[in-house]
Each structure stands twice: as C-alpha cells, then as structure tokens.
J.: 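Pasting in a structure now, in structure tokens, and then I'll have a few things to ask.
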Amino acid sequence: MNRKKIRLGVLVSGSGSNLQSIIDHSEKDQLDARISIVISNNPDAYALERCRRHNIPAAVLDHRAFPERADFDRQMIEILHASGVDLVVMAGFMRILTPIFFRAFPMKIMNIHPALLPSFPGLHVQQKALDYGVKFSGCTVHFAEEGVDTGPVIIQAVVPVFEGDDEKILSERILKEEHRIYPQAIQYYAEGRLEIIGRTVRVKSSGKIEAASLVNPPVTIT
Ligand code: GRF
C-alpha cells in the first residue's frame, strides 16, 4: 500500500551519520517519510556534504549570529513551517532548544541519545558508561521535550560493554544500533502507531522480542 510520506525536518550539528541512515532508508523506500529540509547550526558540519550528495535542501543557521537562543529557535521554526514539516528529527544536534521550539512542535520532535536513558543523560555518555563500569549500554530514541534527554522513550537498543572497550569502540558499537532504531522509530511514527500514555509510548501492533535475558559477562554455572 502506497502510504503518504510524512515530511521530516532534520536538525544536525556534526557528522550526520544518523542523517545518512535516514537518507539511505528513505532512498530504498523503506520509510514512509522523506526529508524536506535539513538545518545545521554548524556551517562546517559534514552532514551538509551528505545533503549536497543527495540533493537534499539544507539551511545553515549559525547560532553565533543570534544574540538570543529564542531568536535562533524562532528562525528554525519559520524554516521548518515553511517546509511543511510533520516531524522534527534531531540527529546529532548539539543545541539546547527553548520552550518556544517545543511549543511549536508538541510531541512532534524526536531525539536520539547514545545511552539507555534515564541512565547517562547529557554529554560524553559513552565514556561515562565505561567509567561507571556498566556491562550493557546502548541508545534511546525519545520524544524531545523541554527537559534535556527526558522525553517519553520510543525505542531502545542494548549493546554489551567488553573489557578493553574504549570510548571510540563503544561509541561505534552504539552508533551501529542508532542507525537501525532511528529509522524504525520514524517509520512507527509515519504509520501512526505511536500512542503516548503519560510517560509511556505504546507501539500499536508491534512485534515482541523473545523474552530472553541478556547476561554479560555470560553465566557459566548451570
Ligand atoms: C550520535 O552518537 C548521537 O547519538 C549523538 O551525536 C552522535 C553523532 O551523531 N546525539 P551523527 O553521526 O551526527 O548523527
């Protein structure tokens, strides 16, 4: 069934590997979504090169040109509304947004975080997980709201942490899962299957994983 595609506005600041995953899934027609506009606050973001290669409209809003955060947000809202965006996707976007922005897109903003929220909110979370000595980490896609990294969780992926892992190795292992779960979260949204009840997001008629437990390091006693 050829579903109507929702229009995405993707916010980036850096490499744009999550943007690339969304582009790839969209180009392979695996997403009922298409990218209407990409906005970067960083004129040098490699994500902009990805837009050029895929003929995706992009705007650069250098946050340093805006004396007030709210002014920056208002400009972003204007561009996103002009592009008819249905869902805002923060993909490696490193600016804190103001309440004005969240009010403009209530429960229509997603973010991806490279840890299992509510554990390890904030920055450098892969190193924080290593320093804490956790045996599992992972990534979270959530609806973004005024608190940082506090919105209702949509989907999470878990990865083991191994001896000898450093920040780079763990970040790469997590990033691989980010590139899987973000397009999935967008597709659930596009299909209208996300129901928010309080803090809980229910995915209507989604499959269920085996209730197998994951143990790291492995249990060897029987
Ligand atoms: C990713 O780990 C993402 O979770 C975090 O920024 C990192 C880089 O993202 N928000 P990308 O490669 O720019 O999409």
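Because the structure is a prediction, the values reported are computed rather than measured. Both ligands and their constituent atoms are indexed starting at 1 by order of listing.
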J.: Do Thr150 and Glu145 have a side chain donor and acceptor closer than 3.5 Å?
T.: yes
J.: Decide, yes or no, whether a salt bridge links Arg173 with Glu177 under the criterion of side-chain N to carboxylate O below 4.0 Å.
T.: no
J.: What is the nearest protein non-hydrogen atom to atom 14 (O) of ligand 1, stated with its residue, atom name and distance?
T.: Asn18 N, 2.9 Å
J.: To check your reading of the model: name the closest protein heavy atom to atom 12 (O) of ligand 1, its residue, and the distance in Å.
T.: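 Going atom by atom, the protein heavy atom closest to atom 12 (O) of ligand 1 ends up being Ser17 OG, 2.6 Å.
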J.: For ligand 1, which atoms have a heavy atom of Ser15 less than 4.0 angstrom away?
T.: 12 (O), 13 (O)
J.: NZ of Lys108: more than 12 outside heavy atoms within 6.0 angstrom?
T.: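 Check fails, neighbour count at 12 or below.
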J.: Short list, please: which atoms of ligand 1 are under 4.0 Å from a heavy atom of Leu175?
T.: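 Listed by number with element, the hits are 1 (C), 2 (O).
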J.: Check whether any side-chain N or O of Arg95 sits under 3.5 Å from a backbone N or O of Ser13 as a donor-acceptor pair, and report yes or no.
T.: no
J.: Taking Ser40 for the side chain and Ala45 for the main chain, is one N or O donor matched with an acceptor at less than 3.5 Å?
T.: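 Pair absent, no side-chain N/O of Ser40 close to backbone of Ala45.
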J.: Look at atom 3 (C) of ligand 1 and say which protein heavy atom is nearest, naming residue and atom and giving the distance to 0.1 Å.
T.: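 Scanning the protein heavy atoms, the shortest distance from atom 3 (C) of ligand 1 goes to Glu178 OE1, 3.2 Å.
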J.: Is any side-chain heavy atom of Asn41 less than 4.5 Å from a side-chain heavy atom of Met94?
T.: no
J.: In the complex you have, is atom 1 (C) of ligand 1 within reach of the protein, judged by whether a heavy-atom distance drops under 4.0 Å?
T.: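 Within 4.0 Å: yes, protein heavy atom nearby.
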J.: Report, in ascending order of atom number, the atoms of ligand 1 lying under 4.0 Å from any heavy atom of Ile112.
T.: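 Listed by number with element, the hits are 4 (O), 10 (N).
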J.: For ligand 1, which atoms have a heavy atom of Gly92 less than 4.0 angstrom away?
T.: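 Near Gly92, meaning under 4.0 Å from one of its heavy atoms, ligand 1 has 6 (O), 9 (O), 10 (N), 13 (O).
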J.: Measure from the side-chain N and O atoms of Arg7 to the backbone N and O of Gly84, and report whether any donor-acceptor pair falls under 3.5 Å.
T.: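 Confirmed, Arg7 side chain pairs with Gly84 backbone.
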J.: Calculate, to the nearest 0.5 Å, the distance between atoms CD and CZ belonging to Glu146 and Arg103 respectively.
T.: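 With rounding to 0.5 Å, CD (Glu146) is 6.5 Å from CZ (Arg103).
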J.: Which of the numbered atoms in ligand 1 are under 4.0 angstrom from any heavy atom belonging to Pro114?
T.: 2 (O), 4 (O)
J.: Under a 4.0 Å heavy-atom limit, does Met90 contact ligand 1 with its side chain, its backbone, both, or neither?
T.: neither
J.: For atom 13 (O) of ligand 1, tell me which residue out of Gly16, Gly14, Ser13, Ala47 has the closest non-hydrogen atom.
T.: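 Among Gly16, Gly14, Ser13, Ala47, the closest heavy atom to atom 13 (O) of ligand 1 belongs to Gly16.
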J.: Could you tell me whether Asn111 approaches ligand 1 through its side chain, its backbone, both or neither, with non-hydrogen atoms closer than 4.0 Å?
T.: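 Neither; no heavy atom under 4.0 Å.
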